[in-house]
Amino acid sequence: MEAKEWRTEQERLDQVREKLKARIDELEPAVTGLRDQAAEMRKRFWEEVSINTSTTEEFEETFYSVQQQSAMLAERERGHNRLVHQWNGMKRLLPSPYFGRVDFQEDGLNASEQIYIGVSSFVDNDGLNFLIYDWRSPIASLYYDYPPGRASYDTPAGRIEGTMTLKRQFQIQNGQIRTMFDASETIGDELLQQVLGKDADSQMKSIVATIQKEQNAIIRNDKSRMLIVQGAAGSGKTSAALQRVAYLLYKHRQTIRADQIVLFSPNSMFGSYISTVLPELGEENMQQTTFQEYLDYWLGPSLRPEDPFDQIEYVLTAQGTPGYEARLQGIAYKTSDTFLKALQNYGKWLGREGMRFKDIWFRNRVLITAERMSAKMYDFDSSMPLFSRVALLQEWLLNELASLEREEREASWVQEELNYLDNDQYAEVFDKLHKERELLDLSEQYAMAREVMNNKRRGDESDVYFAQREEELILRSIVKKSFKPLRKSVKKFSFVDVNGIYGQLFGDEASYREKTNENVIPPHWAEICRQTKDMLSRNELFHEDATPYLFVKELVEGVRTNTEIRHVFVDEGQDYSAFQYEYIKKLFPRARMTVLGDFGQAIFTQATKLQGADSPLVRLYGEAETSLIRLVRSYRSTREIVEFTKSMLPDGEEIVPFERGGQKPLLTRLDGGEKRDAQILADIAALRAEGFDSIAVITKTAAESQEAYESLRIQGGVGLQRITKETLAFEKGVMVVPVYLAKGLEFDAVLIYEASPQAYSRENERKLLYTACTRAMHRLRLYTTGDWSPFVQALPANLYEKAIY
């Protein structure tokens, strides 16, 4: 780049920064002033409102006064929030106002426009001249999608055609241009090399300057009901998804809020890892949860569902134990489309017969029997859905309880409790009675006074009346308090025996076929039934039973839906079952769905195929409503690591490494666990001396992780962190982590603790080893105390180095 060109760009940058500083200084008093106004209004809120409820007119006047004051306060706060958002955006721009430039000449115009692109927009004082365009604006797509030459972009008014005459990239730090070059086909390799060559951070960063064309297609897809992203490890799936969230919030800022977008993460720790991306782009974080957290919430404290990580721990460690094969068959069957259809048929059967209820008990006696409930429910119109009839039954039960509650006031136990009430309880009822007296309608008070006068009684007769009312209220209060838990439980559908309803599915084959009209039954059905009912008897559920159980529960009680959510994102989507996807679709009926995954990392038994006509995801909304984008280039790891890892997969030749060189993976065989651990600690020390701060010792299971952690500590390892499913925050350092908790994360260096056939030899363990190795950015090392895993032995010898001792 010529020196003149460099000076011109730096001068332009200096001018933009001066205008940014001036606007920041100009806004600061307004931001402070509106904040102080809102704070003062909140403090003096009730001083500005006159409260008077003595008549209907004065009550209405009070209501509108409060409403008006609330509206004024809300408007001040909205104005303050808008200014703060604008102010923070400018402060965020100041150190590095933009990262790209394209010169674009629209067809029919004589001159080209210089378009500078940054993380948010900045307009000159005239309000017309954009000094910086937001990276999410339509015109900015030119930067990501085209090389110099013919180009176009979409706007609400239509497609704009023209010619791009220049595409330039910058790296700006603290107001100084550090790097500047003109790029062609894709985002320049120079910038990518610098970004990808950095050490792994404890949190993911938003690097909108390096978005590739295929990632931009993910970000800006605004048509598909279902968007599937099948991407190789390290291809930028999660980064593109988060930037897609930012794009949606920008484009639809009038209709979509951050709390109307939900992300299902692979684990709780992942949330802290990605937590800074959207705030860096000036947006609020969306809702974030794990599917397990959702299950725990809706199943409630009385039922304990197995954690998915406990399920995979069982699958990986319990080979050869009694019932193992049956459990694997149960997992495969209960997470399938087949079981979903069986449960839908089961719902129809329950509409005709077989509903199970619980007796309603009160003071050691049955008030309403389960048989009476069943008879009542099946008396309702059989054309109504099952959940509608259960709702009618619920209403009938509440009316029955109200009637039984009135009758119960005459029971002897009520009078006995009345005799033993303490002073506080009397005082509570007395206070309530006199509030009632104050609230008596004037006509009622007049009628009472007239009755007293007509009977020529003295004024103390009214006291007798209130004494009687006091006793009546106390009796009513005693019974009402006793019946309150019954009413509450009925409102929560506790009279429905969901455990019994789900459990009765798991009888003999003939019974199951009758209830579900299902012919395909796993060979170990009897053992699957025994295991399932054994868990239910302890108020526990296998992980594979949790979603079907909720499905059955909602067949009976009605579907829980959230119509507020507009977009659902599912990360590590290959690890969700077909059943879970159907459930998510039903749960968020108005939402579009974005699923990110890599079938090469499908380590759970219930893995779902993401692409192809037979994919459950394609069937979910149909081919017309579904788009698939494949990301085959891997950016995370060096070329040598990608060549090594992709060779483990049968179809790994599709994965394309980014041209960033480094050391080949190193294979180290040692005689015994003590020598291995000593070598791992020595390698960790050497890697830290090189400047790598994020190092993971990856094990196959949590049990092996615990053993490795303790063993390395005994050998003198200090500062080690052990990552478990309870770990909530991802931080830099040296950590020992099972592979299934490392998914989605990246580290400067990865050390595979044991790569022997004992750890990785079965076909379902191939993807475990692949997933573990693909976490590495710069260094990958594998260790064994015996032979190498067959997946390592099958690799060409030129893809790795062997340590020699």
Side-chain angles (χ1 to χ4, degrees), residues 199-204 265-275 290 292-293 306-318 572 603-604 668 670 672-688 692-756 758-760 765 768-769 771-777 779-785:
D199 293 343
D201 209 319
S202 61
Q203 290 173 317
M204 180 181 281
S265 299
N267 53 60
S268 299
M269 180 174 62
F270 191 76
S272 75
Y273 181 60
I274 65 171
S275 61
T290 66
Q292 183 65 22
E293 287 171 342
E306 177 188 40
D307 190 283
F309 302 120
D310 291 336
Q311 184 201 67
I312 193 172
E313 195 74 13
Y314 172 86
V315 170
L316 295 175
T317 61
E572 300 296 341
I603 64 174
F604 286 87
T668 304
L670 293 136
E674 287 189 11
K675 289 183 179 179
R676 175 198 56 204
D677 293 352
Q679 186 59 49
I680 287 175
L681 291 173
D683 289 347
I684 289 171
L687 289 166
R688 299 199 77 168
F692 296 130
D693 292 328
S694 176
I695 301 170
V697 178
I698 298 185
T699 63
K700 176 183 171 184
T701 65
E704 186 186 21
S705 174
Q706 176 68 35
E707 292 172 9
Y709 175 73
E710 296 297 341
S711 181
L712 289 169
R713 285 185 62 197
I714 291 170
Q715 288 265 23
V718 293
L720 296 175
Q721 308 172 54
R722 178 171 169 251
I723 305 301
T724 70
K725 63 184 182 182
E726 282 81 27
T727 303
L728 297 178
F730 177 72
E731 299 176 354
K732 278 188 176 183
V734 181
M735 58 202 73
V736 183
V737 55
V739 57
Y740 51 79
L741 289 179
K743 294 190 69 172
L745 306 178
E746 62 186 22
F747 308 90
D748 295 329
V750 165
L751 287 65
I752 306 299
Y753 187 72
E754 181 63 54
S756 66
Q758 288 71 36
Y760 305 98
E765 293 165 340
L768 275 174
L769 183 58
T771 301
C773 292
T774 55
R775 303 305 94 203
M777 291 177 62
R779 298 284 190 276
L780 174 61
R781 298 186 177 180
L782 293 83
Y783 304 84
T784 187
T785 55

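Since the structure is predicted, the reported quantities are computational estimates derived from the model, not experimental observations. Each residue takes its place number in the sequence, starting with 1.
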(message) Quick one: does any side-chain atom of Ser275 pair with a main-chain N or O of Ser272 as donor and acceptor, under 3.5 Å?
(response) yes
(request) Quick one: which residue pairs count as a salt bridge (charged side-chain N to carboxylate O under 4.0 Å, His left out) with a foot in residues 697-709, not counting sequence neighbours? (result) Lys700-Glu765
(message) Which heavy atom of Pro738 sits nearest to which heavy atom of Ala702, and what is that distance?
(response) CB-N, 3.8 Å
(message) Any non-hydrogen side-chain atom of Thr727 less than 4.5 Å from a side-chain atom of Gln721?
(response) no
(message) Within this structure, what is the OG1-CZ distance for the pair Thr290 and Phe270, rounded to the nearest 0.5 Å?
(response) 12.5 Å
(message) Within the 4.5 Å heavy-atom criterion, are Met269 and Leu745 side-chain neighbours or not?
(response) yes
(request) Only counting residues at least two apart or in another chain, list the ones meeting side chain to side chain contact (heavy atoms under 4.5 Å, CB included) with Ala318. (result) Tyr314, Thr321, Tyr324
(request) Measure the spacing between OH of Tyr740 and CG of Leu316 and express it to the nearest 0.5 Å. (result) 7.5 Å
(request) Taking the side chain as every heavy atom from C-beta outward, state whether Leu780 and Ile752 have any pair of such atoms under 4.5 Å apart. (result) yes
(request) Provide the closest heavy-atom pair for Ile723 versus Leu741 in the form atom of the first, atom of the second, distance. (result) O-CD1, 4.0 Å
(message) Could you work out, with side chain to side chain contact (heavy atoms under 4.5 Å, CB included) as the rule, every residue matching Lys743, not counting sequence neighbours?
(response) Glu572, Gln574, Asp575, Gln601, Ile603, Thr771
(message) When you measure from the side chain of Glu313 to the backbone of Ala703, do you find a donor-acceptor pair of N or O atoms at a distance under 3.5 Å?
(response) yes
(request) Output every pair passing salt bridge (charged side-chain N to carboxylate O under 4.0 Å, His left out) with a member in residues 717-732, not counting sequence neighbours, ordered by first then second residue. (result) Asp310-Lys725
(message) Tell me whether the count of non-hydrogen atoms from other residues, nucleotides or ligands lying under 6.0 Å of CD in Glu293 goes above 12.
(response) yes
(request) To the nearest 0.5 Å, tell me how far Ile274 CD1 sits from Ser265 OG. (result) 5.0 Å
(request) Mind checking the CD1-CZ spacing from Ile680 to Arg676? Nearest 0.5 Å is all I need. (result) 6.0 Å
(request) Quick one: closest heavy-atom pair of Thr785 and Gly673, and the distance? (result) CG2-N, 3.9 Å
(request) Check side chain to side chain contact (heavy atoms under 4.5 Å, CB included) between Thr784 and all other residues, then give those that pass, not counting sequence neighbours. (result) Arg669, Glu754, Ser756, Trp788
(message) Could you work out, with ring pair (Phe, Tyr, Trp, His ring centres under 6.0 Å) as the rule, every residue matching Tyr709, not counting sequence neighbours?
(response) none
(request) Anything under 30° is parallel, anything over 60° is perpendicular, the rest tilted; go ahead and classify Phe730 against Phe747. (result) perpendicular
(request) Taking all non-hydrogen atoms of both residues into account, name the closest pair between Ala772 and Val750 and its distance. (result) O-CG1, 3.7 Å
(request) Quick one: pull up CD1 in Ile698 and CZ in Arg781 and give me the separation to the nearest 0.5 Å. (result) 14.5 Å
(message) With side-chain contact (heavy atoms from CB on, under 4.5 Å) as the test, pick out the partner of Leu751 among Thr668, Ile684, Val736.
(response) Ile684
(message) I need the Gln292 CD to Ser268 OG distance, nearest 0.5 Å.
(response) 9.5 Å
(request) Check whether any side-chain heavy atom of Tyr273 sits under 4.5 Å from a side-chain heavy atom of Glu746, and report yes or no. (result) yes
